[in-house]
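As a basis for the values below, the full set of heavy atoms in this structure was taken, side chains included, without hydrogen atoms, waters or symmetry mates. Numbers for residues simply follow the sequence, beginning at 1.
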Amino acid sequence: MATALALAVATPSAKAQVQSSQSAAPAPPYQFVRTLQSLQNEAAAGNRAAHAAQGKLLRDLEQAMTAQPAEVWDDPRNTRAAVQYVLSGGQPGVLADLVKRGEPAGLPKGLAEGALAYVMGDSGQARSLLGSLDPASLHESLAGHLALVQATLILRNDQKRALQLLDQARLLAPGSLVEEGALRRAVFIAAEINDLDRLEKATAQYMRRFDRSVYAEHFRQSFATGLVRFDIGRDPEKFPRLVATLRAFDREQQRAVLLIIARDALVRGRFEQARRAAEEVARIPGADQATIARASLYRAASRIGIDPGDGALETLRKIDANRLPPDEKDILQTALRVASHIVDAPAGPTQTPAQMGAAAAEPADLDPRVKRIVATAERSLAQARALLDGQPSNAAKPGESRP
């Protein structure tokens, strides 16, 4: 079954590897893992059939590798394949059995045990065993994998070193799922450390090499979240640079990312940022009516927090809810409630609901009616946040992956 599945979607070279194994004894593990790697690299290039097939192949490979005779594991090609298999999403049982027998043949000390600790979620043990290994010293089949794993293990604590390891992973495994995963992680780290130059560079590299990847949507989500972290509403000079970076995407992708930015910024109370992103969507030609409706919603909702008197309520009322996805309809209703309360309030200094909702900041003589309106607006905004996060409004807030 694994062979048939692989043949259906594999590249010609991968097909040849599998077909040659059918005429003799069962293929050794390293040949099966080559097929798996080919499928995963095809997925990184945009082959969705390959992506769908790899899950089944991973399960079938577990049985095939477990059934191998003991002498097979005297070949370093096969022990390397066992580590590759596990780091590529396979079940850890095969590698666990090898570790129980002692240090697997042909592997540097600690590699197999460290890889096993990594996939089992024991990050401390994995760092201890893998941290001192030099990826460049390993066989080419494992070098990029190790650099990517090492970067992931220190991603939260040493971002500068993690970025260096991600660069190394890309150099050691060009064109592979390892390189694709390294670029996605680089975007995440660049956002964490507010390195706009690195974010722009990683984005351009990703779009140039992996714009059709099956993981490209995940990349766009990470990219958009990273842009929100820069809070371009507070630093308008950054906005043109970020828009220029988006030109690496096609028009549809630009709109998708900008809508994510507008939505996320609105949730975070960064109204100017949400407004700028929503208006940028409107400047990109060719949008369908659903996209136009969403952009109008985000712009108008953000204007409530900036200048409630500029017609935002009227704009919200004109939006056709039938053109919005289900979640956005709820957001529209929430925004309408908030806007209605704010517009009907007595005139006074312009404040955002978040600013007005802090009890400590309220004047002692604040009109009781205004206090009630502020409290209602705060509850409505909390509901909006919950809707955008996909969780109930009374739920507690919740606190990436192998290549």
Side-chain angles (χ1 to χ4, degrees), residues 6 10-18 20-21 27-45 47 50 54 57-58 61 65 68 72-90 94-95 98-99 103-116 118-119 126 129-154 161-186 205-206 209-210 213 215 401-403:
T11 58
S13 61
K15 290 181 181 180
Q17 293 167 12
V18 178
S20 65
S21 71
Y30 74 86
Q31 289 189 5
F32 279 128
V33 173
R34 281 178 183 170
T35 301
L36 174 64
Q37 295 294 306
S38 294
L39 288 181
Q40 293 187 330
N41 293 342
E42 284 286 305
N47 188 332
Q54 66 176 318
L57 184 56
L58 279 166
L61 285 185
M65 295 178 76
Q68 296 289 334
V72 163
W73 303 111
D74 294 332
D75 187 339
R77 292 177 298 178
N78 293 327
T79 56
R80 289 195 297 266
V83 176
Q84 272 186 281
Y85 165 73
V86 169
L87 293 181
S88 298
V94 174
L95 189 57
L98 288 181
V99 170
E103 204 69 51
L107 298 182
K109 183 176 176 59
L111 176 61
E113 190 178 352
L116 186 60
Y118 173 72
V119 299
L129 292 168
L130 300 177
S132 61
L133 297 178
D134 179 10
S137 69
L138 299 186
H139 187 273
E140 61 182 11
S141 62
L142 285 176
H145 277 284
L146 177 60
L148 183 58
V149 167
Q150 288 175 330
T152 303
L153 288 169
I154 64 171
R161 175 59 181 154
L163 284 172
Q164 292 173 346
L165 286 166
L166 291 175
D167 286 340
Q168 187 176 21
R170 294 182 55 230
L171 291 173
L172 292 169
S176 69
L177 186 59
V178 168
E179 182 186 10
E180 195 268 358
L183 280 171
R184 281 189 281 122
R185 285 163 175 80
Q205 290 171 328
Y206 188 93
R209 296 179 63 77
F210 299 105
S213 169
Y215 305 104
S401 57
R402 302 180 204 171

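A distance of 7.0 Å separates CG of Leu177 from CD of Gln54, quoted to the nearest 0.5 Å. Of the inter-residue distances, the one linking Ser132 atom OG with Lys109 atom NZ reads 10.5 Å to the nearest 0.5 angstrom. Atom CD of Gln84 sits about 12.0 Å away from atom CG of Leu95, to the nearest 0.5 Å. Interatomic distance, CG of Leu146 versus CD of Gln168, reported as 8.5 Å (0.5 Å rounding). Remark: Leu166 CG to Leu183 CG distance equals 8.5 Å, nearest 0.5 Å.
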Assess the residue pair Val86 and Val94 against the criterion (side chain to side chain contact (heavy atoms under 4.5 Å, CB included)); give the C-alpha distance rounded to whole Å, side-chain angles, the decisive distance to 0.1 Å, and a yes or no.
CA-CA 8 Å; Val86 169; Val94 174; 5.8 Å; no
Give the intermediate values and the outcome of side chain to side chain contact (heavy atoms under 4.5 Å, CB included) for residues Leu148 and Leu165.
CA-CA 7 Å; Leu148 183 58; Leu165 286 166; over 6 Å; no
One pair to check against side chain to side chain contact (heavy atoms under 4.5 Å, CB included): Glu180 and Tyr206. What are the steps and the verdict?
CA-CA 7 Å; Glu180 195 268 358; Tyr206 188 93; 2.5 Å; yes
Derivation and outcome, side chain to side chain contact (heavy atoms under 4.5 Å, CB included), residues Arg80 and Leu107
CA-CA 7 Å; Arg80 289 195 297 266; Leu107 298 182; 3.7 Å; yes
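For the residue pair Gln37 and Ser88, a side-chain donor N or O sits within less than 3.5 Å of a side-chain acceptor on the partner.
Across Pro135 and Ala143, no two heavy atoms sit closer than the pair O-CB, 3.2 Å. Of all non-hydrogen atoms in Val72 and Pro29, the two that sit nearest each other are CG1-CD, 3.5 Å. Residues Ala173 and Gly144 come closest through the heavy atom pair CB-CA, 4.2 Å. The heavy-atom pair separating Ser213 from Ala44 by the smallest distance is CB-O, 3.1 Å. Closest of all the heavy-atom pairs between Met65 and Trp73 is O-CZ2, 3.6 Å. Residues Gly175 and Arg209 come closest through the heavy atom pair N-NH2, 3.3 Å.
Considering only heavy atoms from C-beta on, Leu36 comes within 4.5 Å of Leu58 through its side chain. A 4.5 Å side-chain heavy-atom check between Leu87 and Tyr118 finds at least one atom pair inside the cut-off. Within the 4.5 Å cutoff, no side-chain heavy atoms of Leu39 are placed close to those of Glu42.
The side chain to side chain contact (heavy atoms under 4.5 Å, CB included) test with Leu111 is passed by exactly one of Leu116, Leu142, Thr79: Leu142.
With Glu103 contributing its side chain and Gly110 its backbone, the two residues share a donor-acceptor pair below 3.5 Å. Using modelled atom types, one side-chain atom of Gln150 and one backbone atom of Leu133 make a donor-acceptor pair closer than 3.5 Å. For the pair Asn78 (side chain) and Tyr30 (backbone), a donor-acceptor distance under 3.5 Å is present. Under the 3.5 Å distance criterion, the side-chain polar atoms of Ser137 are matched with a main-chain donor or acceptor of Asp134.
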